[in-house]
Amino acid sequence: MGGVVGLWEGAVGNGYPGTHRHHRHIYVKVGASFVCGRSSSYLHSREKRVSGNMAELIKTLLSFSEQAGEIARAVRQEPQLFSLLVEEKGEEEKNQRFTHDFKTLADVLIQEALRYCVAQAFPVLSEHVRGEESAEFTNTLGETITVMVCPTQQETAQLLAKVLNDNKEAAEILATLVHSDFKWQPDLEIDKIPSLPIDNLGIWIDPIDSTGEYVKGDMGVTLGNITQRGLPCVTVLIGVYDRTSGLPVGGVINQPFAEYNHEKKSWQGKAYWGVSWNSTRIHNLPSAPRLSGNESEMAVVVSSSEDKKLLGQLTASGFKVIFATGAGYKILAVALGLCAACLSSKGSTFRWDTAAPHALLEAEGGGLVDYKKLYHLYSEQKDVGADALRELQIRYYEPNPPPGQKWNNAGGFVAYQDSSILPRILACLAQ
Ligand code: 2IP
Ligand code: CA
């Protein structure tokens, strides 16, 4: 399944929304041809459903992820916003704090826009959207404000102005982006998702993963097919899980800065989605050759902060270790078949980092398991069966017991598309 990749023409360089609402043209690549369509923005949807189904939910999340990507691109492109984002060395403490606040504001705004979007379209899920950021926001004047999307653009702008130290222009641009209608054509493959119930689902969002690269704004440095750092490592991650089992059942990853068009001087985004529900597995990831003897077969992508001894063991056993930034991007690289696995032996990621890419891997028949538990099991049994792997999948419903951090993936993780890579990795680490 797969082979259809949504490719949107980003709004960068195409005329940004100013202080008035306008419509942008978004093109979606479906197969080999480009089509243009229109879908009403979630914010203007009059139809409120008591419930819904998985296909509608994925469509809504995908559409929202594109809007989130546009906000992320706009913040970098719009001079009024960009000047607030870029850190300048030697600033006084107050300004540094403001830069930090603004960076967080872009994150919080996207997160709260998703909350609003889900509440409008799927009220039954409105209490079940969790995100990395707290919506409580303290501006440089020490005022605590709860950031949210209001019913009208004007109200949202007024609220944002309070956070932005009365920078009305920046607040107006952001509010316009959040309330804008836009043209969007959903991937036709989504209609193949069966009508699955959504009432028992929960959602995790990481509005901007790899925030550091987002702020730095470098074009990207690649090794083979993998981008090691830079804007392409930035992703919007939206994962859907079952509230009873805790397992991921669907996910959307938007890469707002996937490709740079030098002619147009603009970034183009890409979006990926997947659903895994009992025997239903469907996604739009390109079908990549799996462990077929090419370079990706022995490539393992890791964080630059990964344990040095472990890296030495991997390379000594013939694995090619590739460093890349962004937890979401690294796991996406596995889902795209660019490497065999992503390994994180430390508790440096959180549920919001892994929920969406985990769902994509599940949709491909892969998974994302607790590294320490897997290592322990392998050390004892020298084998890991399918049932054991199911048990070891990271779950998204319950916080960790105290004293650990609530939503931390404390045991690290291994992400894979094909589980046959796991014994090969474990064999060299257990030596
Ligand atoms: C971060 C981001 C980092 C990642 C870290 C995440 O999320 O993805 O890149 O570290 O684990 O929590 P590394 O790149 O070393 O894997 P955020 O940018 O949202 O804080
Ligand atoms: Ca993150």
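Both ligands and their constituent atoms are indexed starting at 1 by order of listing.
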Inset, instruction - Look at R73 together with E66 and state whether they make a salt bridge at an N to O cut-off of under 4.0 Å. - result: yes
Legend entry - Tally of protein N, O or S atoms, where distance to the Ca ion (ligand 2) is under 3.0 Å: 3
Inset, instruction - Run through L114, V163, L174 and flag the one making a side-chain contact (heavy atoms from CB on, under 4.5 Å) with L109. - result: L174
Legend entry - side-chain contact (heavy atoms from CB on, under 4.5 Å) partner of L361, chosen from V334, T354, L285: V334
Inset, instruction - Calculate, to the nearest 0.5 Å, the distance between atoms CD and CD1 belonging to E213 and I208 respectively. - result: 13.0 Å
Legend entry - Check ion pair E56-K59 (N to O, under 4.0 angstrom): no
Legend entry - Residue list, side-chain contact (heavy atoms from CB on, under 4.5 Å) with D242, at least two apart or on another chain: N200, T244, S245, V249
Inset, instruction - Show the protein residues that qualify under the rule heavy atom under 4.0 Å from an atom of ligand 1, listing them in chain and number order. - result: E132, D206, I208, D209, S210, T211, S303, T325, G326, A327, K330, S348, T349, D353
Legend entry - A324 backbone acceptor or donor facing Q228 side chain under 3.5 Å: no
Inset, instruction - Taking atom CG of N225 as the centre, report whether more than 12 heavy atoms of other residues, nucleotides or ligands fall under 6.0 Å from it. - result: no
Inset, instruction - Just grab all the ring-ring contact (aromatic ring centres under 6.0 Å, His included) pairs involving residues 334-363, residues at least two apart or on different chains. - result: W204-W352, F350-W352, H358-Y396
